[in-house]
S.K.: 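Pasting in a structure now, in structure tokens, and then I'll have a few things to ask.
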Amino acid sequence: DVQMTQSPSTLSVSVGDRVTITCRASQSISSWLAWYQQKPGQAPTLLIYDVSNLESGVPSRFSGSGSGTEFTLTISSLQPDDFATYHCLQYSSNMYTFGQGTKLEI
Amino acid sequence: QVQLVQSGAEVKKPGASVKVSCRASGYTFNTYAVHWVRQAPGQRLEWMGWINGGDGGTKYSQKFQGRVTITRDTSASTAYMEVSSLRSEDTAVYYCASASYGTALDYWGQGTLVTVSS
């Protein structure tokens with residue numbers, strides 16, 4: 001199975017900060033990568049799919065980039081509603097793997 | 001709109017089995033896959049497996065192969081996930097999620113808490 005290594009696990013940030021979260025795959029997954037946001041007690045919600053495609057309704061301050069084995073989620077200017085945990089998901093070869101999550105803290 | 005509604009919380013003893021349901025609405029059930037994901041307290045999301053809503057074909061994570069069974073009832077637009085030989089480490093919130101075949105999980109159920117305790 002493809003292993004996903006996400007970093008950092010925790011990030012101390014402030015409103016207005018530019019935030020970057022990274023996921024590395026143990027082998028090439030082409031462009032089969034998504035990012036999710038999860039708030040406490042809630043199911044994850046899809047932010048970005050296929051590396052860089054913004055899900056409908058997601059603010060444009062979220063963006064994704066990368067290919068092959070290294071991928072990045074960027075939040076250009078952190079807003080109060082963005083304090084949450086972020087997960088990457090790879091979905092190559094019909095097998096799926098999540099990263100370990102990144103929690104944004106004040 | 002697409003909705004996935006899961007069955008309620010369960011408390012089970014070690015060694016027992018649990019079966020969680022996921023009823024879909026707002027789309028044609030047999031044109032999408034239903035995936036199952038779990039999250040133990042303080043842990044990462046774990047992908048468990050998926051079922052093809054059309055032909056019922058399944059695929060499982062190696063970790064859960066043999067102990068997890070995913071089925072579906074197309075007439076009820078419902079998918080099921082059963083875990084056998086439960087142990088305390090299976091205590092988690094279990095989610096179902098829909099996806100077009102081979103794509104990211106887009107719609108999620110509300111989650112079902114399964115507690116395994118003697």
Side-chain angles (χ1 to χ4, degrees), chain A residues 1-10 21 23-26 29-58 62 64 71 73 84-103 105, chain B residues 1-7 9 20 22 24 26 32-55 57-65 68 70 81 92-113:
Chain A
D1 293 359
V2 178
Q3 307 304 314
M4 299 300 292
T5 303
Q6 186 174 341
S7 60
S9 54
T10 307
I21 299 168
C23 262
R24 289 187 174 84
S26 59
I29 57 170
S30 184
S31 297
W32 306 118
L33 186 104
W35 292 95
Y36 293 84
Q37 179 190 72
Q38 186 180 28
K39 296 183 177 178
Q42 297 182 17
T45 57
L46 178 62
L47 296 174
I48 289 171
Y49 61 95
D50 296 351
V51 175
S52 59
N53 291 290
L54 215 59
E55 178 72 348
S56 176
V58 174
F62 291 92
F71 304 88
L73 171 70
T85 299
Y86 293 83
H87 308 272
C88 64
L89 169 69
Q90 72 81 23
Y91 42 100
S92 67
S93 305
N94 285 323
M95 297 292 285
Y96 292 59
T97 319
F98 286 93
Q100 57 262 59
T102 296
K103 183 177 182 180
E105 296 181 333
Chain B
Q1 72 282 21
V2 174
Q3 271 196 309
L4 300 174
V5 178
Q6 299 182 221
S7 48
V20 180
C22 171
Y32 281 78
V34 175
H35 295 249
W36 290 90
V37 174
R38 79 176 187 182
Q39 188 171 37
Q43 302 298 310
R44 74 164 73 190
L45 295 167
E46 277 190 293
W47 178 78
M48 302 175 71
W50 66 274
I51 188 164
N52 182 319
D55 66 13
T58 54
K59 201 153 190 176
Y60 298 97
S61 166
Q62 196 169 1
K63 175 175 180 175
F64 298 102
Q65 184 86 39
V68 170
I70 300 173
M81 187 279 305
V93 176
Y94 290 77
Y95 295 101
C96 63
S98 67
S100 296
Y101 302 114
T103 68
L105 313 183
D106 43 17
Y107 296 97
W108 292 65
Q110 82 275 20
T112 297
L113 175 62

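Throughout, protein chains are lettered first and strands after them, A, B, ... in sequence-line order, and every chain is numbered starting at 1.
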S.K.: Side chain to side chain contact (heavy atoms under 4.5 Å, CB included) for Met95(A) and Lys59(B)? Distances and angles first, verdict last.
M.R.: CA-CA 8 Å; Met95(A) 297 292 285; Lys59(B) 201 153 190 176; 3.5 Å; yes
S.K.: Can you label the angle between the Tyr96(A) ring and the Trp47(B) ring as parallel, tilted or perpendicular, going by 30° and 60°?
M.R.: parallel
S.K.: Count the heavy atoms of every other residue, nucleotide or ligand shown that sit under 6.0 Å from CD of Glu105(A), and state whether that count exceeds 12.
M.R.: yes
S.K.: Can you tell me how far CD of Gln110(B) sits from CD of Gln42(A), rounded to the nearest 0.5 angstrom?
M.R.: 12.5 Å
S.K.: Quick check on Ala34(A) against chain B: is it the side chain, the backbone, both or neither that has a heavy atom closer than 4.5 Å?
M.R.: side chain
S.K.: Minimum heavy-atom separation for Leu105(B) and Phe98(A), please, with both atom names.
M.R.: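 Shortest heavy-atom separation between Leu105(B) and Phe98(A) comes out as CD1-CZ, 4.3 Å.
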S.K.: Mark yes when over 12 heavy atoms from residues, nucleotides or ligands other than Lys39(A) sit less than 6.0 Å from its NZ; otherwise mark no.
M.R.: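 Buried by this count: over 12 neighbours within 6.0 Å.
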S.K.: Is Gln39(B) close to chain A through its backbone or its side chain, or both, or neither, when contacts mean heavy atoms under 4.5 Å?
M.R.: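 For Gln39(B), the contact with chain A is made by the side chain alone.
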S.K.: For Gln38(A), is it the side chain, the backbone, both, or neither that has a heavy atom closer than 4.5 Å to a heavy atom of chain B?
M.R.: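 Looking at Gln38(A), just its side chain touches chain B.
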S.K.: Among Trp32(A), Tyr49(A), Tyr36(A), single out the residue with the greatest number of heavy-atom pairs under 4.5 Å to chain B.
M.R.: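 It is Tyr36(A).
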S.K.: Indicate, with yes or no, if the rings of Tyr91(A) and Trp50(B) have centres closer together than 6.0 Å.
M.R.: no
S.K.: Side chain, backbone, both or neither: which part of Tyr107(B) has a non-hydrogen atom closer than 4.5 Å to chain A?
M.R.: neither
S.K.: Which region of Val93(B), side chain (C-beta onward) or backbone (N, CA, C, O), has a non-hydrogen atom less than 4.5 Å from a non-hydrogen atom of chain A, or is it both or neither?
M.R.: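 Val93(B) has no heavy atom closer than 4.5 Å to chain A.
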S.K.: With rounding to the nearest 0.5 Å, note down the distance linking CG in Asp106(B) to OG1 in Thr45(A).
M.R.: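 Answer rounded to 0.5 Å: 12.0 Å.
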S.K.: Grab the two heavy atoms, one from Gly102(B) and one from Asn94(A), that are nearest each other, plus how far apart they are.
M.R.: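 Scanning both residues completely, I find the closest heavy atoms to be CA-OD1, 3.5 Å.
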S.K.: Which value, rounded to the nearest 0.5 Å, describes the distance between Arg44(B) atom CZ and Thr97(A) atom OG1?
M.R.: 8.5 Å
